Every structure is written in C-alpha cells, then in structure tokens.
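Take a look at the structure below.
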Amino acid sequence: MKCNKCGCMDSKVIDSRMSEDGTSIRRRRECLGCGRRFTTYEVIERVPVLVVKSDGTRQPFDPDKVRRGVIKACEKRPVAAEKINALVSAVERQVYNKLVQEISSKEIGELVMKELKDLDEVAYVRFASVYRDFRDVTTFIEFIGDLERLMKEDGERDQGKKQ
C-alpha cells in the first residue's frame, strides 16, 4: 500500500478489525519509509448486476431503491428500521449470490415479497399491490384470498409439526 505522505510502497499492518456490519476490514498500517500511520479499508469487489426492467431497459442494481420501496410498504406499520435493513441486506445477498450479470426487476420483486411476507402481512399486501400492478378490485380480492389460503396452510403445517 502506497504511503500518501512519502510515496513509499512498503508498509506493515499494525491492527486489523472487522467493521460492525461485517462487510469490510479496517487496517491500521505503518509506512516503513517514514513511519507515518494510516488507515485502509478492504471490501469485497462485487461484479455489477444490471436490472432488466419490464420495458427492456437496464440499470445498475441499487439496494437503496429496494429499501425505499420496503419503507413505503411498511409506512405506519410497527416494523423497526433494523428489520427493514436486514430484509434489504437479505435481498441484496440473494441477488449477488445468484452470480449473474443481469436480473429481472420481476425476480427482485419476488425476492422482496418473499421476505416481506414473513415480516409484515400488511406491508406485503401493500408492496404486492404496487409490484403486481392490480388492474381492478377483483384481482386484488383474488390475491388476498390466495394469501389467506397460504397463511391457513402454513398455520396447519406449523400445528402438525408441534404435535
């Protein structure tokens, strides 16, 4: 690592610590040329993922856009910010773990809905109403009916496991 004071290319690591969120490593270094200490950060290099939108356009994947959508869905709901951040991190991890260069916005929406369903039912329905672009009340009612059936089945499965 090049010293920004004397330009020497030799340094030694004095201390290494992981960041609180575990996404980077902070290293304290000492220049072997001038003795000056400085800090560097090591992060994982990610291959950019492009999101293919429904109209065929492409844009870089942006976890903040996912966060804004989830925050909007969770508005006036008892969902803590840390839970929202965890949900966004989980979706981001899933996107990057697919090891693809392109992913459809539909696929990202499905990942978000899967996570939201377990977090808050009302936020899930709100997100789905925008994401699925319900054209009329009948479609919306059918979606709610499907959701109720799924929740009932999940409850029955959970009861069977307890017995």
Side-chain angles (χ1 to χ4, degrees), residues 13 15-28 39-163:
V13 175
D15 181 40
S16 291
R17 293 185 188 179
M18 191 178 308
S19 66
E20 286 183 28
D21 61 0
T23 60
S24 64
I25 296 176
R26 177 185 176 269
R27 299 195 193 283
R28 285 295 293 161
T39 303
T40 60
Y41 293 90
E42 182 179 314
V43 294
I44 295 173
E45 182 179 24
R46 291 191 168 152
V47 175
V49 174
L50 293 178
V51 177
V52 182
K53 304 192 56 104
S54 57
D55 64 1
T57 60
R58 287 164 171 73
Q59 60 182 220
F61 173 68
D62 183 4
D64 287 332
K65 195 168 183 179
V66 173
R67 180 176 285 105
R68 287 190 300 273
V70 172
I71 287 171
K72 190 74 173 164
C74 292
E75 203 168 81
K76 297 183 181 179
R77 297 295 303 152
V79 179
E82 63 195 29
K83 298 263 186 189
I84 292 172
N85 290 335
L87 183 149
V88 172
S89 292
V91 169
E92 183 178 13
R93 209 171 22 258
Q94 290 173 58
V95 167
Y96 285 112
N97 284 345
K98 287 185 178 289
L99 302 175
V100 294
Q101 292 181 331
E102 294 184 342
I103 187 170
S104 70
S105 58
K106 181 178 179 177
E107 199 171 344
I108 292 172
E110 292 295 333
L111 293 172
V112 172
M113 285 182 51
K114 182 177 175 252
E115 297 292 328
L116 264 177
K117 185 178 175 195
D118 295 333
L119 183 65
D120 186 273
E121 292 173 14
V122 173
Y124 170 75
V125 171
R126 284 180 180 168
F127 187 86
S129 70
V130 174
Y131 165 70
R132 295 251 169 102
D133 192 25
F134 296 131
R135 300 275 180 216
D136 54 32
V137 174
T138 306
T139 312
F140 189 76
I141 290 171
E142 288 172 3
F143 176 78
I144 297 294
D146 291 344
L147 177 61
E148 285 180 327
R149 277 190 294 284
L150 283 172
M151 299 300 237
K152 185 177 179 183
E153 289 172 9
D154 286 348
E156 289 172 357
R157 240 178 295 172
D158 290 344
Q159 287 295 326
K161 288 178 183 177
K162 291 179 182 176
Q163 293 176 356

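What you see is a predicted model; the values in this text were computed from it and never measured. One-based numbering along the sequence shown.
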Neighbour count >12 (heavy atoms, 6.0 Å) for atom CD, Gln59 | yes

Margin query: Main chain of Glu102, side chain of Arg58: is a donor-acceptor contact present, judged purely on distance under 3.5 Å?
Written below: no

Nearest heavy-atom approach of Phe61 to Glu92 is CE2-CG, 3.9 Å

Output for pair (Leu116 CG, Arg126 CZ), nearest 0.5 Å, gives 11.0 Å

Rounding to 0.5 Å, atoms NZ (Lys83) and CG (Asp118) come to a distance of 11.0 Å

Which of Leu87, Val88, Val70 passes side chain to side chain contact (heavy atoms under 4.5 Å, CB included) with Glu115? It is Leu87

Between the OG atom in Ser54 and the NZ atom in Lys106, the distance rounded to the nearest 0.5 Å is 10.5 Å

Closest non-hydrogen contact found for Met113 with Phe127 is CG-CD2, 3.5 Å

Q) Are the side chains of Asp62 and Arg67 in touch, meaning some heavy atoms are under 4.5 Å apart? A) no

Value for OG (Ser89) from CD (Gln94), rounded to nearest 0.5 Å, stands at 11.0 Å

query: Less than 4.5 Å apart, any side-chain heavy atom of Val122 and any of Lys76?
result: no

**Item:** pair Val49-Tyr96: side-chain heavy atoms closer than 4.5 Å
**Value:** yes

Interatomic distance, CD1@Ile71 vs CD1@Ile84, rounded to 0.5 Å, equals 5.0 Å

Heavy-atom closest pair (Ser16 atom, Ile25 atom, distance to 0.1 Å) is CB-CG2, 4.3 Å

Output for pair (Met18 CE, Ser24 OG), nearest 0.5 Å, gives 9.0 Å

- Decide, yes or no, whether a salt bridge links Lys98 with Glu107 under the criterion of side-chain N to carboxylate O below 4.0 Å. yes

Next item on the list: Evaluate the side-chain proximity of Pro60 to Pro48: yes if any heavy-atom separation is below 4.5 Å, no if none is.
Entry: no

